[in-house]
Trainee: 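Here it is: the structure, laid out below.
Numbering of ligands and ligand atoms starts at 1, following listing order.
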Amino acid sequence: MADKMAGPRLDRRGFMGATTLGTGVALIGLGGTALAQAPATSGQVDFPDDPRAFGGGAPSGRNRTEMSLHDCEVEGDWPVDLDGAFYRVGPDPQYPKQAQYAGDIPFDGEGHVSMFRIANGHVDYRTRYARNARFVAQEQARRSLFGMYRNPSTDDPSVAGLNRGTANTQLFLHHGKLLVFKEDAPPVHMDPLTLETIDPEYTFGGRLESQTHTAHPKIDPATGGLIGFGYEATGFLSRHVNVYEADRNGAIFWSVTVEAPYAGMMHDFCVTQDYIVLYLTNMAADAAQIAAGGVHFRYDSSLPCYLGVMRRGGDGSDLKWFTGPNLFCTHVMGGWNDGTKITVDWDGGEGNQFPFFPSLHEPWDPVKGTGYIRRFTVDFAHSDSFQSETLFPEIQGVLSRQDDRFHTLPYRWGFLQVTGPNGGWAILDHQTGTSKIASVPGYQLSEMTFVPRSPDAPEGDGYLIGLGSSMAEAGRSDLILFDLANIEAGPRARVKMPYRCVGQVHGFWANARDIPGATSA
Ligand code: V55
Ligand code: FE
């Protein structure tokens, strides 16, 4: 991929590029500006050669192949008692865009889900597209019918009013269902073993009030319940945010709709035992840009970002929007509350972290876009604004994670995707304030997911799992497992894939005991 990109593109790639989106996805795009030499439209499936175009450049920028590989080749010491599935999802362009939309951004690719089913030291691999309304319509038409990222005015008239969701960002196993998310639509429900699409628009039995759903819901470890939200909840460009909680069986028992100061990207949120913590970034929905045929968002550094806090289970009237140092935060690492005092850790930059969305006031700045762990603190009862402190200043990265069994609670271990040439997976110890980096020489690593050594293992006792791309082998993929008890020894085990796997944004680990029908072969 790198060799296909010229000059200034290298900065962008060095910043987030393949490190963020994993194998096969070049994180570039012109965000609404037409390419100088748009490819001619024809009936043939012919992706543009220009790597800046949607799905363009080397074939590794897309995959499009639904695969099954029974009994992959494994190396090293796969823990025989590890029994579960590692799921991943990312955008994988189904069709080239119509010529005038070739400048669309990678975030608009159709969601391609992959699964490594791991049991008894054996690993089976399977991938399937999320067959939602958009995918099926385009499959039948044998061409792209949707225009720019989250801009329905650019769609083919034949798909007017159809769900535009791409199911390409993150997935969760909850109440036995694999739910695949894109933040502008309800989830797609897929079978967690076959990856067959069961419901292209899952609404929790009709009880989801929001028209949208975050890619980053949370599971409360105390109850097993699912807490999620949607922004632009009551319609395209609406300022409404819906927050809900479902029990461990997926029954929504709390749902409240509140209003944000403006419509902007709210990618992730934090749930504590007592509070919901929203974050509105100044990646603002831009009606004028949308009307002009561009992408949904424009970065507006003059707008304040807001931390929105309300009690869980209330009617939403206690919601307070706090301002603070105007940081562009994207992913929550962890958070908790101690009485009315709330702490939330994010990865975040001083400026826009997404170079492919247009900026209103200034050119994209790679230094301001660089992510660090930002600890936000606020007293719900007494503060007028929130405070921020940068933790682990020696570590720069994106896509922060934790041992998800400790979300809502005080936590010790955090993980971060480290950007730059010596990239890898950072392991952050909040108790000692120390950090380590797990890396594999010659490999570029995608986002990692924490895997508990056993379902009841102590916090942080387990593994990090994720994909690596071998730079010397044209990006050929290994599934890599580090044992957190001994990262210095390098990967404890690998799956050697015979090809470059489909790219990803995020991944999720599910234990076999939570997957209906999973029998250890
Ligand atoms: C993100 C990803 C998206 C999106 C909005 O990583 C935000 C953040 C893959 O799509 O549409
Ligand atoms: Fe995300």
Trainee: Can you list the ligand 1 atoms lying under 4.0 Å from a non-hydrogen atom of His267?
Mentor: 1 (C), 2 (C), 6 (O), 7 (C), 8 (C)
Trainee: Any side-chain donor paired with an acceptor under 3.5 Å for Asn242 and Ser210?
Mentor: no
Trainee: Checking ring pair (Phe, Tyr, Trp, His ring centres under 6.0 Å) against Phe229, which of Phe181, Tyr244, Phe269 comes through?
Mentor: Phe269
Trainee: Could you walk me through whether His267 and Phe328 pass the ring-ring contact (aromatic ring centres under 6.0 Å, His included) check?
Mentor: CA-CA 11 Å; His267 183 62; Phe328 191 96; 10.0 Å; no
Trainee: Please determine which of Val378, Thr343, Val271, Val344 meets the side chain to side chain contact (heavy atoms under 4.5 Å, CB included) test together with Val277.
Mentor: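 It is Val344, the one option of Val378, Thr343, Val271, Val344 that forms the side chain to side chain contact (heavy atoms under 4.5 Å, CB included) with Val277.
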Trainee: Hey, does Tyr149 come in under 3.5 Å of ligand 1, counting only N/O atoms on both sides?
Mentor: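 The answer is yes, given that Tyr149 and ligand 1 share an N or O pair closer than 3.5 Å.
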Trainee: Atoms of ligand 1 less than 4.0 Å from Glu183 heavy atoms?
Mentor: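 Numbered from 1, ligand 1 contributes 5 (C), 7 (C).
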Trainee: State the atoms of ligand 1, each with its element, that fall below the 4.0 Å cut-off from a heavy-atom position in Met265.
Mentor: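 Counting from 1, the qualifying ligand atoms are 5 (C), 7 (C).
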Trainee: Side chains of Asn282 and Tyr262: any donor to acceptor distance under 3.5 Å?
Mentor: no
Trainee: Test Tyr129 against every option in Val188, Asp92, Val502, Thr197 by the side chain to side chain contact (heavy atoms under 4.5 Å, CB included) rule and name the one that passes.
Mentor: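 The residue from Val188, Asp92, Val502, Thr197 that satisfies side chain to side chain contact (heavy atoms under 4.5 Å, CB included) with Tyr129 turns out to be Asp92.
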Trainee: Using every non-hydrogen atom in the two residues, find where Thr323 and Pro304 come nearest and quote the distance to one decimal.
Mentor: CG2-CB, 4.0 Å
Trainee: Looking only at side-chain N and O atoms, does Gln170 offer a donor or acceptor that is under 3.5 Å from a partner on His216?
Mentor: no
Trainee: Is there a nitrogen or oxygen of Lys182 sitting under 3.5 Å from a nitrogen or oxygen of ligand 1?
Mentor: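 Between Lys182 and ligand 1, an N or O pair is found under 3.5 Å apart.
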Trainee: Is any protein N, O or S atom closer than 2.8 Å to the Fe ion (ligand 2), and if so, which?
Mentor: His216 NE2, His267 NE2, His331 NE2, His506 NE2
